[in-house]
Amino acid sequence: MMLLEVLALTIAIVHFATPLIYYAYLKRYERRPWNIRVDNGYKCRLAVILPTYNETEIIKEKLENIEQQDYPKELLKVIVIDSSDDGTAHVVEEWSSTNNDLNLKLIKEKERRGKLYALDLALKHVSPDCGVIVFTDADAFWNPKALSKAVSLLADPNVGAVTARIMYTGIKDKLLENTYRDYYNVVRVAESKVHSTPVHNGPFLAIKAELFHQMGLPMFEGSDDSAFASFIAFTGYRAIEVDDIIVKEPLRGSQILKKIRRAQHLLLNFLATKRYTKKRGLYIKSSFDRIWKIEWWLHVVNPWLLVVGTAFLFVDLALFKSKTGLALLAIGLALLALKSFRMWVFQQLYLAIGAVRNLWNKNTMWKR
Ligand code: GDD
Ligand code: MN
C-alpha cells in the first residue's frame with residue numbers, strides 16, 4: 001500500500017543519505033593539515049604486545065617482521081603472551097634463542113581466557129620507563145617504518161593513540177574487504193584530522209604509555225582495540241588513523257564469522273565506552289563528540305533502517321501485491337551488482353546480526 005511504500009522509501013533515503021552526506025563532508029578534510037607536531041628525532045622505550053593463540057604457522061614471520069623495523073633495537077621490547085595448545089610458545093622460544101638481537105619476553109598463560117585478558121596480563125609486564133605501547137596481532141605485517149612513524153606522531157603532547165590502515169592480502173577478496181577498507185580509510189583519516197576516529201585497528205595500535213600508567217585502559221567485554229582509542233579520545237587526547245602506516249593482513253579462516261565478531265565488538269565500543277569514561281570522571285567535551293554521535297548512529301541505529309525498510313517492502317508485496325514495492329525491491333537487487341553498494345549492504349547485515357548476537361554471546365574467544 002501507499003503508506004508502506006512511502007515509509008519504506010523515507011527510511012531508505014535516511015539510511016543511505018546520512019553516510020553519504022557525512023562522507024562528502026569529510027572529503028573536504030582530505031587535504032587539510034594534521035595540526036600535529038611531528039618529531040622524527042624522538043625515540044623512546046617501546047613495548048610491543050603480541051597475544052597468540054595457535055599461531056605456529058605464522059609466528060616466525062611475524063617476529064621477523066618486527067625485527068625488520070627500523071626502530072633502535074635497544075629501545076624495543078616484545079612481549080608475547082601465549083595461550084596456545086599447538087606449540088606456538090615453543091616456536092617462539094626457539095626463534096628467540098637464535099635471533100637474540102630482539103629483546104623478547106614470553107609469557108605463558110595457564111589457560112586460554114581470550115585476547116583481552118591476555119593483553120591485560122601483558123600490560124602488567126610493561127616497565128614504568130616505557131614511553132609507547134603497541135598492540136598487534138600475529139597475522140599483522142607492518143611496513144618497516146611503522147614504529148618510528150607512530151612514535152614521531154606520539155611525540156606531540158596532544159596525540160594519545162595511533163593506528164594504521166589495513167590492506168588485506170592472500171586469498172581472493174570475495175567478501176570485498178578491501179572495498180570496505182577503501183571507503184572507511186577515507187572516513188577514518190578525515191575524522192582523525194578533525195580530532196579522532198572511534199574505530200582503531202588491533203593489528204597496529206600504538207598508545208602513549210603515560211596515559212596507560214595514569215588511567216589504565218578500559219577492560220570490558222569486546223574492548224580489545226577500538227574501545228582503547230575511543231576512551232583515549234574521550235579523555236581529551238587525539239586517537240588517530242594515519243595513511244602512511246600500513247598493515248598487511250592475510251585473509252584467513254571464516255570471513256563471515258570474523259566480520260560478525262568485529263561488528264559485535266564495534267557495537268560494544270559504541271554502547272559502553274562513553275559511559276565508561278564518564279563514570280571514571282575522565283570525560284572531556286571536544287569535537288570528538290560530534291564524530292562519536294554520527295558514528296554511533298551509523299553503527300547502532302542506521303543498519304536497522306535498512307532492515308526495517310526492506311521488511312516493509314516485503315510486507316507490501318506479500319499483502320498487497322504492490323507493483324511499486326516490487327519495483328523498489330528490484331532496484332535494490334539490481335544495485336547489488338555494484339561492488340560498493342554490495343559492500344555497504346553486507347556491512348549493514350553484519351552489524352544487525354552482531355547486535356542480535358551480542359544479546360547472548362559477546363564472542364570474546366573465537367575460532368578461526
Ligand atoms: N593469548 C591469546 N589468547 N591470544 C589470542 C586469543 C586468546 O584467547 N585469541 C586470539 N588471540 C590472538 C591471535 O593469536 C592473534 O594474534 C590476535 O589475537 C588476533 O586474533 P585473530 O585470530 O587474528 O583474529 P582477527 O584477525 O579476526 O582479529 C581482529 O578482530 C579482533 C576483534 O574481534 C583484529 O582486528 C583484532 O585485533 C581484534 O581484537
Ligand atoms: Mn587477524
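The structure displayed is predicted, hence computed values, not measured ones. Counting convention: from 1, in listed order, for ligands and their atoms alike.
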If the threshold is 4.0 Å, N to carboxylate O, is there a salt bridge linking R112 and D85?
no

Near D139, which atoms of ligand 1 are under 4.0 Å from a heavy atom of that residue?
23 (O), 26 (O)

I need the nearest protein heavy-atom contact for atom 17 (C) of ligand 1: residue, atom name and distance, please.
D137 OD1, 3.4 Å

Yes or no: does F135 have any heavy atom under 4.0 Å from an atom of ligand 1?
no

Give yes if a backbone or side-chain nitrogen or oxygen of R113 is under 3.5 Å from a nitrogen or oxygen of ligand 1, and no if not.
no

Nearest 0.5 Å, what's the CD-OG distance between E241 and S196?
12.0 Å

For atom 38 (C) of ligand 1, what is the nearest protein heavy atom, given as residue, atom name and distance?
D225 OD2, 3.4 Å

Show the atoms of ligand 1 that are less than 4.0 angstrom away from any heavy atom in A138.
15 (C), 16 (O)

Could K193 and Y29 be counted as a cation-pi pair, given that NZ or CZ must be under 6.0 Å from the ring centre and within 45° of the axis?
no

Contact check, R252 vs ligand 1, heavy-atom distance below 4.0 Å:
yes

Cluster check V134, V242: I/L/V/M/F/W/Y, side chain < 4.5 angstrom
yes

Within the structure, is a non-hydrogen atom of T52 found at a distance of less than 4.0 Å from ligand 1?
yes

Is any NZ, NE, NH1 or NH2 atom of the basic residue among R252 and E57 found under 4.0 Å from an Asp or Glu carboxylate oxygen of the other?
no

For P203, the ligand 1 atoms with a heavy-atom partner under 4.0 Å come out as 35 (O), 37 (O)

Do any nitrogen or oxygen atoms of D82 come within less than 3.5 Å of a nitrogen or oxygen of ligand 1?
no

Geometric N/O contact R262 with ligand 1, under 3.5 angstrom
no

For atom 30 (O) of ligand 1, the protein heavy atom that lies nearest, with its residue and separation
R261 NH1, 3.2 Å

If the threshold is 4.0 Å, N to carboxylate O, is there a salt bridge linking R113 and E221?
no

Atom 13 (C) of ligand 1 [closest protein heavy-atom partner, distance rounded to 0.1 Å]
E55 OE2, 3.2 Å

Would you please indicate if the ring centroids of F341 and F16 are separated by under 6.0 Å?
yes

Can you tell me how far the CG atom of N363 sits from the CG atom of L257, to the nearest 0.5 Å?
8.0 Å

Is the closest N or O pair between M365 and ligand 1 shorter than 3.5 Å?
no

min-distance protein heavy atom vs atom 1 (N) of ligand 1 -> E109 OE2, 2.9 Å

Is the Mn ion (ligand 2) under 2.8 Å from any N, O or S atom of D139?
yes

Note the single closest protein heavy atom to atom 8 (O) of ligand 1, along with its residue, its atom name and the distance in Å.
R112 NE, 2.7 Å

For F135 together with F228, are the ring centres under 6.0 Å from each other?
yes

Is the Lys NZ or Arg CZ of K62 less than 6.0 Å from the centre of W95's six-membered ring, within 45° of the axis?
no

Got an N/O contact under 3.5 Å between K115 and ligand 1?
yes

In terms of residue, atom name and distance, what is the protein heavy atom nearest to atom 10 (C) of ligand 1?
W366 CZ2, 3.8 Å

SB check K115 D224 (cutoff 4.0 Å):
no

Closest protein heavy atom to atom 22 (O) of ligand 1, given as residue, atom name and distance to 0.1 Å
R368 NH1, 2.8 Å

Which atom pair, heavy atoms only, marks the closest approach of I207 to F212?
CD1-CB, 4.3 Å

Within the distance-only criterion (no hydrogens, no angle test), does the side chain of R238 pair as donor or acceptor with the backbone N or O of S192 below 3.5 angstrom?
yes

Taking 4.0 angstrom as the limit and counting only heavy atoms of D224, give me the atoms of ligand 1 inside it, by number and element.
32 (C), 39 (O)

The atom of E249 among N, O or S that is nearest the Mn ion (ligand 2) is OE2

Report the distance from atom CG of N269 to atom CH2 of W292, rounding to the nearest 0.5 Å.
4.5 Å

Taking only Lys NZ, Arg NE, NH1 and NH2, and the carboxylate oxygens of Asp or Glu, determine whether D289 and K274 approach each other closer than 4.0 Å.
yes

Quick check: does G114 get an N/O under 3.5 Å from an N/O on ligand 1?
yes

For N54, which part has a heavy atom under 4.0 Å from ligand 1: side chain, backbone, both, or neither?
neither

Which atoms of ligand 1 sit under 4.0 Å from any heavy atom of E249?
26 (O)

Taking distance alone, with no angle check, do A118 and ligand 1 share an N/O pair under 3.5 Å?
no

